[in-house]
**Student:** 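Before I ask anything, let me first share the structure, which is written out below as structure tokens.
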Amino acid sequence: MNREHCYWLLKSEPTSYSIDHLKRDKKTPWTGVRNYRARNFMRDDMQKGDLCLFYHSNADEIGIAGVATVASAPYADPTQFEKASHYFDEGSTKESPRWQLVDIAFVRKFSRVIPLIELKADPALAGMMVTEKGSRLSVQPVSQKHFQHIVDDLAD
DNA sequence: GCCAACGTTGGC
DNA sequence: GCCAACGTTGGC
């Protein structure tokens, strides 16, 4: 992919892993992605230092909660080999791991969660993937224009 | 809790 | 390789 896409959006359910968890941990492996498009973005297109919008899904406050950054090169998701893990994949092998991830590091938490409804209503964000109906992809590319608008104009 | 939109699986 | 059935995501 061209380097136009150095911005991303990562979805997480805050009851399992929120921006506050990331703030506490500073850095975490982004485990459990089991969608091929999402994996391909992490494996093929993300580069260390890329910025990511941290999105809270399935929550009381649905929307963008802060910013994270890509903090590693891609590597095999260890949970795919852990039999006890919810993310165990018996079809994957160490020789040829099916699932790849990157580490994500905390950058900042917004003073408010920018609500999805506000993103949808903002003409400057027209075409942004997360605002489209039925957009289930958990790792999404974000244009620089949309990223800047959110960070500069909508966040505190 | 409902259900629409997706993604995956598996029979053929 | 098609597509119906099923499972999951995630907003509402």
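Residue numbers start from 1 in every chain, and the chains themselves are labelled A, B, ... in the order their sequence lines are given, proteins ahead of strands. All of these numbers come straight from a predicted model, not from anything done at the bench. Scope of the values below: all heavy atoms of this structure, side chains included, with no hydrogens, waters or symmetry mates.
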**Student:** Give, for atom CD1 of A/Ile19 and atom OG of A/Ser12, the distance between the pair rounded to the nearest 0.5 Å.
**Tutor:** 9.5 Å
**Student:** Roughly how far, to the nearest 0.5 Å, is CD of A/Gln140 from SG of A/Cys52?
**Tutor:**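 A/Cys52 atom SG to A/Gln140 atom CD measures 11.5 Å (nearest 0.5 Å).
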**Student:** Looking only at the side chains, is there a donor atom on one of A/Thr79 and A/Arg34 sitting less than 3.5 Å from an acceptor on the other?
**Tutor:** yes
**Student:** Please check if the distance between the ring centroids of A/Trp99 and A/Phe81 is under 6.0 Å.
**Tutor:** no
**Student:** What is the bend of the helix from B/dG1-C/dC12 to B/dC12-C/dG1 when you compare the axis at one end with the axis at the other, using five pairs each and rounding to 10°?
**Tutor:**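 It comes to 10° between the two terminal axes.
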**Student:** Using a cut-off of 4.0 Å between protein heavy atoms and nucleotide atoms, how would you tag nucleotides 5-12 of chain C 5' to 3' with B, S and -?
**Tutor:** --BBBBSS
**Student:** Any idea which heavy atoms bring A/Asp153 and A/His149 closest together, and the distance?
**Tutor:**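 Residues A/Asp153 and A/His149, closest heavy atoms: OD2-ND1, 2.7 Å.
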**Student:** Is the backbone N or O of A/Ala38 less than 3.5 Å from a side-chain atom of A/Asn35, with the two atoms forming a donor-acceptor pair by type?
**Tutor:**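 Here the side-chain-to-backbone pair exists.
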**Student:** By side-chain hydrogen bond (donor to acceptor under 3.5 Å, both in side chains), which residues pair with A/Arg37, not counting sequence neighbours?
**Tutor:** none
**Student:** Students often mix this up, so state it plainly: with edges at 30° and 60°, are the rings of A/Tyr17 and A/Phe54 parallel, tilted or perpendicular?
**Tutor:**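 Rings of A/Tyr17 and A/Phe54: tilted, 30 to 60°.
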**Student:** Assuming nearest nucleotide by heavy-atom distance, tell me which of A/Lys133 and A/Tyr36 is located more 5' along DNA chain B.
**Tutor:** A/Lys133
